[in-house]
Each structure stands twice: as C-alpha cells, then as structure tokens.
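Here the structure comes first, spelled out in structure tokens, and everything after it is commentary.
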Amino acid sequence: MGRYVVRRLLQFIPTVLGAIFLLHYLTSLGIQLGGNPVRAIFGDRRPTEAQMNAMADSLGLGDDCLTRVGDPCVGLYFDRLQSIFLQFDLGSSFTGRPVTDIIADGLSATVKVVVIAIIFEILVGITAGVLAGLRSGSFIDYLVKISTVLAISVPIFVLGFLVRDMFLVNVGNWFRGGDWPDWFAYGVMSPVYKPDYPWASLVIPGLVLGSISLATTARLTRTSILENVRADYVRTARAKGLPQRRVIGVHTLRNSLIPVVTYIGIDFGALMGGAVVTEGIFGIPGIGREIFRAIQQQQPSVVVGIVTVLVLVFLVMNLLVDILYAVLDPRIRYD
Amino acid sequence: MLTAACGGSDSDDSESTGGGSAGGDLRIYSSEPAFLVPSAADDEPSILVVRQLYRGLVKYDQEGAPQLDVAESIESDDNKTWTVKLKDGYTFTNGEPVDADSFLRSWNYAGNVSNAQNNSYFMGRIAGFDEMQKEGVKKNATFSGLKKVDDLTFTIELTEPFSGFESVLGYSGFFPMAQECVDNFDACNKQPIGNGPYMIDGEWENNVQIKLKRNEDYAGEDAGKPDTLTYRIFDDVEAAYAAFEGGELDVMYTVPPNKIAEVEQNYGETLLKEPSSSFTYLGLPTYDERFQDPKLRQALSMAIDRQAIIDAIFDGSLAPATGFVAPNFDGAREGICEYCEFDEDAAKALYEETDGIEGPVELWANAGSGHEEWLQAIGDGWKNTLGIDYKLKVDITDFGQYLKVADDKKFTGPYRLGWGPDYPVMETYLAPLYTTGASSNNSGYANPEFDKLIQEGDAADSLEDAIPSYQAAEDLLAEDMPVIPMWWGLTTVVWSDNVAEMVHNPITDVDYGQITMNN
C-alpha cells in the first residue's frame with residue numbers, strides 16, 4: 001500500500017508540470033493573438049508606449065516573447081515554475097493581489113459549499129438509494145425515481161434563482177419578521193453569503209449545488225443495491241442466518257458503494273470548479289468566480305495558479321478514491 | 001477632536017452627536033474595488049470607498065462647483081502657477097501630518113511612469129509630466145512643476161494655463177498619501193492610511209466586505225454620521241438586489257437595469273433616478289475616406305430615432321443626447337446638436353447631397369455587453385431611411401482587444417464607445433475626445449480651430465470666462481459630427497427604511513458618510 005501511494009504521488013509531478021505548461025502555453029498564445037490584456041486597464045484613455053510597458057512589466061507581462069505568435073515562451077515557463085516551486089509565489093493579479101491569497105480566500109469559501117453539498121449528497125442520496133433499491137417497485141422507489149429525474153432535469157441556475165428569489169427572499173422575510181433565532185433567520189435564510197455566518201449562510205447554496213449530484217448518487221446506489229441483493233454472497237449470508245441489518249449494512253452496502261464512492265470522489269473535484277454558477281447566484285466569494293473573472297480579464301498568473309491547485313485537488317481526490325476501493329472491497333490489493 | 005482647526009468655525013462642534021441621527025451601521029452594495037490607494041484607484045467602486053477614507057484639497061457642492069476642503073486657499077494670477085495653502089491640524093490615521101509633502105508625494109508617485117499607477121494620466125497638466133513619463137525614469141524622480149514652500153504651502157506649475165484646475169483637484173487621484181503608504185503600497189492598499197472622516201476597521205476583505213468606522217480624530221467640518229460603513233461586495237448586481245430585498249443592504253447605488261420597473265413600484269419613495277454623466281456615442285472613423293464628408297455624418301445622425309430605441313430596448317431608462325456635454329454640467333446647452341434630432345426627410349435630403357456610401361457599412365461594438373440590439377436598430381433605421389446596407393461587427397469580447405482596434409485606428413465603420421467625466425468642467429467632454437491626437441480621440445478628428453478654442457478656454461481668466469470658448473468648440477463638433485452622440489446613462493439609487501436621509505452629490509454620487517439613519 002505504501003509503495004502504491006508513493007508511486008501515485010510521483011505520478012503527480014509530470015501531470016502537474018504538463019498541466020502548467022498547457023495553461024501557460026494557452027494563456028501566452030491568447031496574449032500573442034489578442035494583444036496584451038494590460039491595455040484594458042487604461043480604458044478609454046490610450047496609454048503611451050512607456051505607460052503600457054511599465055504596466056506590463058509590473059504585472060509580469062512585459063516579456064518580448066508575448067508578442068511573437070506561436071512562441072511557447074519557454075523562458076517564461078521556467079521562470080514561472082521556479083517561482084511556483086522554489087518560492088511558492090504564484091504571481092499576482094492585475095490589482096496586485098498575490099494569487100496565493102486569492103486561492104486561499106476563494107478555496108475557504110468554495111470548500112465549505114462543496115463539503116455541505118457532499119455531506120448532503122452522502123446522507124440523503126445514499127439513504128434514498130438504499131431504501132429505493134431494497135423495496136424495488138414500492139412507493140418509496142417511485143418517489144425516489146421521480147424526484148431524482150426532476151432534480152436532474154432542472155438546470156442548476158434555474159433552481160438557484162428560484163431558491164434565492166422565491167424562497168430565501170420572500171419566505172426568508174417572513175422568518176425575519178418573526179421570533180426566530182438570528183442564525184436561522186439571518187444566517188441560513190440569508191439570500192446571499194454572509195460573512196457573519198460563514199457556515200449557516202452556505203447551507204442552502206450547498207444544497208442547491210449538491211442537488212444534481214444527489215440525484216445521481218441516489219440512482220447509482222439504487223441500481224447497485226438492486227444488483228447486489230441478488231448476488232450469491234448475499235444469499236450465502238442470508239443462508240448462514242445473519243440478521244437482516246448485517247446482511248444489508250455490511251455485506252450488500254459495502255460492495256454497492258464502490259461505484260458511488262468513485263462518483264463522489266470525482267464529483268468533489270467537479271463541484272470545486274463547477275461551483276461558479278452557484279457562487280454567482282448566492283454571492284459567494286469562491287474560487288469558481290475567481291477563475292471565471294481571471295479568464296475573462298485574461299490574467300495568466302491567476303488562471304495558471306488556480307487551475308494548478310484544482311488539478312492537485314482532483315489528483316488527491318482520485319488517489320483517496322482508489323485507496324478507499326481497497327478498504328471497501330478486500331479483493332482489491334495494491335501491492 | 002480638540003485640535004484648533006481653523007476651518008469649520010461656522011458649524012459648531014457637534015460632529016459625533018449632531019442632530020441625534022448620527023450612528024448606526026450603514027450597509028452598502030459595492031462591487032469589488034480595484035485599489036484603495038488614491039494614486040491607483042480610478043474605477044467607480046474604488047472611488048466610492050476612497051472618498052470616505054481620504055479627503056483632498058477641494059470637494060464639490062451640489063452645483064458641482066469646487067469648495068475648499070483640506071486647502072485653506074488655492075490661488076493663481078495666471079492660471080498657470082497655483083499656490084496652495086493647507087489648513088493646519090489634519091493628520092492621517094497613522095499620525096502623520098497632512099502637509100504639503102503628503103500631497104506632493106502622492107502626485108509624484110502617481111505621475112511617475114515607473115510606478116505604473118492608473119491615475120498617472122490625471123497628472124498630465126503638471127509641468128514636467130513628459131520627463132516623468134519617459135521609459136525607465138528613476139523611482140524617486142519628481143515633477144519639476146511641484147515645489148514645496150513651507151510645511152503647509154506648495155506651488156503647482158502647469159504646462160499650459162488652465163482656468164478649471166481647481167475643479168480638477170477634487171478628483172480622488174489628487175488626494176494625499178502618507179509616507180508609510182508610499183513605502184509599502186500593498187499593505188496600505190489592504191489597510192488604507194487615510195485622512196478622511198472614516199478609517200478602515202480591520203482590513204479590506206477582498207470580494208467579501210470593507211468595513212469602515214468613523215475617524216474620531218478627523219478635524220474636518222463634515223464628520224461621518226453613521227458609526228460604521230459596511231461595503232458588502234458582490235460580483236453580480238442581481239445577487240446584491242436579492243440581498244437588498246432580503247434586508248441585508250441599506251443603500252444600493254445602481255439598480256439592475258431589468259429591475260427598474262419593479263423597483264419603481266416597490267420602492268418608489270426611496271428611489272433616486274436621474275440622468276448620469278456617462279456618455280455613449282457612435283464614433284465615426286474620419287480616417288476612413290468614406291466617412292470624411294461631414295454631410296454624410298450629419299445624415300447618419302439624423303436618421304437615428306434615439307427616443308424610439310431607448311423606449312424599445314432600454315425601457316425608456318436613458319436620456320437621448322442632444323449635445324456633447326452632460327446636461328448637468330455648467331455650460332451645457334440643451335439641443336445644441338441639431339443633427340441629433342430625428343428627421344427622416346432632412347436626413348434623406350442631406351444624404352442626397354453626398355456621394356453616398358457603399359454598403360454594407362460595418363457597425364462595431366465589443367461583444368457580450370448587450371450592444372447588438374441597439375446597433376441593429378440604428379442599422380435598420382439607416383437602411384430604411386437612407387438605403388444603406390449594414391452589417392454588425394460585434395465579435396471581440398475582450399474589451400482591451402477592442403480598445404486596441406481603436407488605438408490602431410482600424411475601425412472600418414461606426415463604432416460604439418463611451419466616456420465619463422474626470423472632473424466637473426465641460427472641457428472634460430471635449431479636449432480628451434476631439435483635440436488633435438488626444439489620448440481618447442478615436443475618431444481621428446483634427447480641427448485646428450477646435451484645438452485653438454479649447455486652448456483659449458483653458459487660458460481664460462476664470463472658468464466662467466472659459467465657457468464661451470468651450471461652447472464655441474462644441475458648436476464646431478455639432479457641425480462636423482466626428483461622433484454621433486447617442487444618450488446619457490441613468491443614475492439609480494434605492495435605499496431601505498433604515499435610511500432617514502439620503503445624501504447625493506451630482507459629481508461624487510452617494511456620500512455615504514453623510515447619510516443619516518433611523519433610530
């Protein structure tokens with residue numbers, strides 16, 4: 001197991017270097033083809049060449065290679081690698097904010113929403129899936145099937161706007177007019193993220209963000225359970241006279257969770273980057289919004305910095321999922 | 001508070017208890033500012049915070065005229081060399097005095113190209129600007145036109161006389177900076193060191209909020225009224241509006257355009273709506289020989305039904321432009337642009353007199369900002385009235401890239417651009433946009449007579465005497481039509497029941513520090 005983890009960790013290195021190079025090349029090409037994004041800072045007032053150059057230099061975009069279309073800017077790439085890995089400096093944004101700060105602040109908000117979404121996904125999604133899978137064809141099964149189709153078919157921005165404008169504003173105002181505790185009326189029911197209630201005000205956005213994945217989780221669990229309750233080892237367990245709780249809870253569920261764990265693991269990474277819509281709707285100062293803005297304004301160091309971190313998160317999550325496999329299924333060995 | 005300040009003797013010392021309505025926490029909608037240091041802050045959200053944190057030599061009254069603020073006097077015999085005397089007793093929140101050095105230091109820092117400050121442009125009138133803008137100039141270089149006389153006095157020499165210079169000084173780019181701020185720009189940006197009625201509480205929480213508390217040591221006459229100002233930062237104005245509706249915000253400067261009708265219905269009593277000074281125009285590339293005949297440019301302008309477009313596409317929320325200077329500016333005249341009036345017959349007649357233009361004419365705008373619709377309406381109008389074919393050229397999303405096309409004079413047809421004033425002098429709408437070779441002259445307009453009139457106005461004895469010259473220059477534009485004026489924007493402010501009295505200035509917008517709150 002230990003050797004397996006080390007080997008996997010070593011594989012991170014080429015993946016990350018490659019990802020950084022790709023991002024570096026794409027952002028450089030964007031500048032080479034579209035002109036230096038620094039120009040936009042001056043707005044309607046045309047800068048002199050000296051002003052342009054000074055601004056470009058101060059933002060690390062003054063390299064000549066950025067004017068030659070197709071030049072991979074290898075020098076710039078190695079400078080970037082060196083400052084990232086030797087000085088832990090990811091550069092700064094156009095307003096002089098260190099990218100490390102942007103990532104730290106953005107991640108803290110995004111991770112909170114994603115964690116809420118995942119918890120919601122695990123608790124409600126798996127429970128609903130198990131109940132539906134065990135009583136196939138029952139009322140609960142139909143309820144789960146119909147509601148999950150509904151959840152999957154409503155785009156997240158539609159759901160988000162509905163929840164914000166109808167529920168949190170209107171229903172929320174009713175709660176705020178009543179005798180409810182502050183953390184609920186002004187925290188949980190706040191239409192937007194609130195710095196005074198960093199967790200409470202993210203509960204509803206987390207539920208919205210997790211809704212589609214929750215539906216998928218429930219369906220995956222249901223199918224998987226349906227398949228496994230008829231498996232030989234479950235029949236054997238029953239024949240041995242094990243109590244129902246142990247048959248389902250330990251034998252069936254444990255094996256049924258493998259695809260679900262894979263899905264949730266990958267989903268964690270996907271939600272991190274995909275939270276941009278939810279973040280926009282609920283005014284959450286997260287990483288998704290930062291990267292969206294950075295791409296719009298063509299800020300290479302911010303794009304490279306954030307995506308690199310997201311790649312790392314993805315890799316780590318995948319590794320965790322693979323390790324979990326071995327825990328869930330004794331037949332899987334990593335030596 | 002006990003400092004013997006010379007100013008403010010007319011208003012008694014009731015700063016913190018004035019009228020029983022001071023106090024409270026005012027929660028304000030804001031988008032993320034770019035900078036909180038005067039030399040760099042040049043965007044609206046930044047300036048709305050900077051104006052509470054810092055104070056400059058002058059401020060503007062309700063008519064937009066400059067009034068002395070930190071300055072005791074600002075005098076000049078020739079409008080070229082200005083002597084500024086400062087009031088005594090003002091300090092920065094770190095204890096440094098607000099003296100002559102604090103202003104000179106700020107301007108030298110901003111004007112020096114090596115510091116790459118966004119507001120360097122505004123220092124352009126000070127003598128020595130060209131040397132300060134040479135590539136590779138030393139970081140400690142200073143303007144030859146700025147001289148300290150004593151601790152509270154300094155002189156400013158301009159390259160050319162300018163009668164409106166006192167008004168310019170109220171722009172936030174001319175506010176003073178503490179030495180500690182210049183020494184460590186990033187720290188000062190995160191935790192500003194100001195000289196204004198408010199000071200930072202904690203530090204700027206990027207993308208989340210900026211909290212200010214009243215600066216109890218502020219020696220000026222208009223001390224802050226609310227105890228704290230909380231600027232809640234939103235990326236998306238619609239999310240902010242949901243927050244406002246949910247009781248999370250007290251003042252919302254800028255209502256989402258598609259919500260104006262709803263807001264009017266729900267908050268009619270607490271909504272302020274007035275034409276803003278932001279100018280949208282359709283520039284004509286006079287460097288393209290097809291657009292060189294003024295008659296053609298006049299005809300194109302006359303064939304646009306501005307009001308109809310505003311009603312159909314913008315819910316009537318804009319004011320059609322009938323001149324080149326914002327209506328609320330001193331010297332602006334209603335209806336000065338006679339070719340801005342919609343008249344199909346006259347347009348046709350004018351067009352007949354020209355050689356015509358071969359279509360399709362390309363209409364330029366930056367993509368993704370909702371300009372297609374109204375450009376199309378204009379194109380359809382031209383097609384119907386003048387029989388000119390048109391084509392939309394709205395494919396550049398990146399605004400910087402679009403501006404680059406403007407810089408390189410590569411527009412192949414009429415293009416959309418906008419302009420906002422830098423200071424309340426009508427010259428700000430004229431010189432930068434139409435003077436030969438000026439930094440925002442994108443149409444390529446070059447008229448020596450126009451340049452001369454602007455110069456005459458600048459050199460006049462007073463702003464009042466300057467206005468006729470500026471107006472004459474505007475008359476030339478109305479005849480030559482290098483750009484087609486389209487409309488003025490709309491200022492909208494809505495506030496909650498917690499606000500007792502809204503305070504709004506036509507130049508500097510909402511004055512958050514002067515708003516009084518209920519209970």
Side-chain angles (χ1 to χ4, degrees), chain A residues 30 33-51 53-59 92 94-98 101-102 105-106 109 161 164-165 168-170 172-173 176 186 189-195 279-286 289-290 292-293 296-298, chain B residues 32-35 40 42-43 112-118 120-121 133-137 185-186 189-190 205-209 232-236 238-248 368 396-407 417-420 432-433 438-442:
Chain A
L33 291 170
N36 205 315
V38 166
R39 172 63 185 89
I41 293 172
F42 296 92
D44 295 319
R45 300 180 192 94
R46 181 168 56 242
T48 62
E49 204 164 311
Q51 284 170 333
N53 291 344
M55 190 62 89
D57 282 339
S58 75
L59 299 172
S92 48
F94 283 180
T95 55
R97 239 188 123 202
D101 281 9
I102 295 181
D105 288 353
F161 283 128
R164 185 189 73 190
D165 293 345
L168 293 175
V169 170
N170 295 336
N173 279 344
R176 282 183 279 275
Y186 295 95
M189 294 303 283
S190 167
V192 291
Y193 170 75
K194 225 177 146 173
E279 285 172 8
I281 294 173
F282 295 102
I284 304 163
R289 242 176 35 168
E290 291 290 356
F292 181 70
R293 201 178 4 225
Q296 258 189 339
Q297 298 169 350
Q298 293 195 42
Chain B
E32 170 84 343
F35 296 98
D42 71 338
D43 57 315
N112 190 324
V113 74
S114 297
N115 294 327
Q117 296 297 296
N118 298 13
S120 68
Y121 160 89
Q133 289 286 312
K134 281 211 181 91
E135 202 143 9
V137 70
F185 181 93
D186 289 336
N189 192 36
K190 193 88 178 152
E205 296 168 54
N206 291 84
N207 291 313
V208 178
Q209 61 183 357
R232 292 275 303 275
I233 301 169
F234 293 87
D235 231 19
D236 175 26
E238 301 217 9
Y241 182 66
F244 178 77
E245 284 198 291
E248 291 286 319
I396 303 178
T397 318
D398 179 46
F399 193 50
Q401 223 168 313
Y402 183 73
L403 292 168
K404 183 91 177 21
V405 178
D407 296 349
L417 270 177
W419 183 254
L433 289 167
S439 68
S440 300
N441 182 343
N442 295 308

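Chain letters run A, B, ... following the sequence lines, proteins first, then strands; residues in each count from 1. Fair warning: this is a prediction, and the values are worked out from it, not measured in the lab.
Neither the backbone nor the side chain of A/F161 comes within less than 4.5 Å of any heavy atom of chain B. Looking at A/E290, only its side chain comes within 4.5 Å of chain B, counting heavy atoms on both sides. Only the side chain of B/L417 has a heavy atom closer than 4.5 Å to any heavy atom of chain A. For a residue to count as touching a neighbouring chain, one of its non-hydrogen atoms must lie under 4.5 Å from one of that chain's; by this rule B/D235 touches chain A with backbone and side chain alike. When heavy atoms are compared at a cutoff of 4.5 Å, A/Q297 does not approach chain B at all. For B/D407, the parts sitting under 4.5 Å from any heavy atom of chain A are the backbone and the side chain alike. Heavy-atom distances place the side chain of A/N173, and not its backbone, under 4.5 Å from chain B. Of the two parts of B/A40, neither the backbone nor the side chain holds a non-hydrogen atom closer than 4.5 Å to a non-hydrogen atom of chain A. Looking at B/N115, there are no atoms closer than 4.5 Å to chain A (heavy atoms on both sides), in backbone or side chain.
No side-chain heavy atom of A/R97 sits less than 4.5 Å from a side-chain heavy atom of B/N189. Residues B/W419 and A/R45 have side chains in contact (heavy-atom distance under 4.5 Å, counting atoms from C-beta outward). Side-chain contact between B/T397 and A/Q296: absent, with no pair of heavy atoms (C-beta onward) separated by less than 4.5 Å. At a threshold of 4.5 Å between non-hydrogen side-chain atoms, the residues A/P191 and B/E245 do not count as touching.
Ranked by heavy-atom pairs under 4.5 Å with chain B, the list A/P98, A/G172, A/G43 is led by A/G43. For the set A/Q298, A/K194, A/E279, the count of heavy-atom pairs under 4.5 angstrom toward chain B peaks at A/K194. No other option in B/I396, B/N441, B/N206 has as many heavy-atom pairs under 4.5 Å with chain A as B/N206.
Between the CG atom of A/D44 and the CG atom of B/N442 there is a distance of 7.5 Å, given to the nearest 0.5 Å. Rounded to the nearest 0.5 angstrom, B/S440 OG and A/F42 CZ are separated by 12.0 Å.
Smallest separation of non-hydrogen atoms from B/Q401 and A/G34: CG-O, 2.8 Å. Between B/A243 and A/V192 the shortest heavy-atom distance is CB-CG2, 3.5 Å. Considering all non-hydrogen atoms of both residues, A/R46 and B/A438 come closest at NH2-O, 3.0 Å. Annotation for B/A116 and A/M55: closest pair O-CE, 3.5 Å, computed over non-hydrogen atoms. Smallest separation of non-hydrogen atoms from B/A242 and A/R164: CB-NE, 3.4 Å. Of all heavy-atom pairs between B/F35 and A/F94, the closest is CZ-O, 3.9 Å.
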Next item on the list: Apply side-chain contact (heavy atoms from CB on, under 4.5 Å) to B/E32 and A/T95, showing your working.
Entry: CA-CA 11 Å; B/E32 170 84 343; A/T95 55; over 6 Å; no
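No side-chain donor-acceptor contact under 3.5 Å links A/R39 to the backbone of B/F399.
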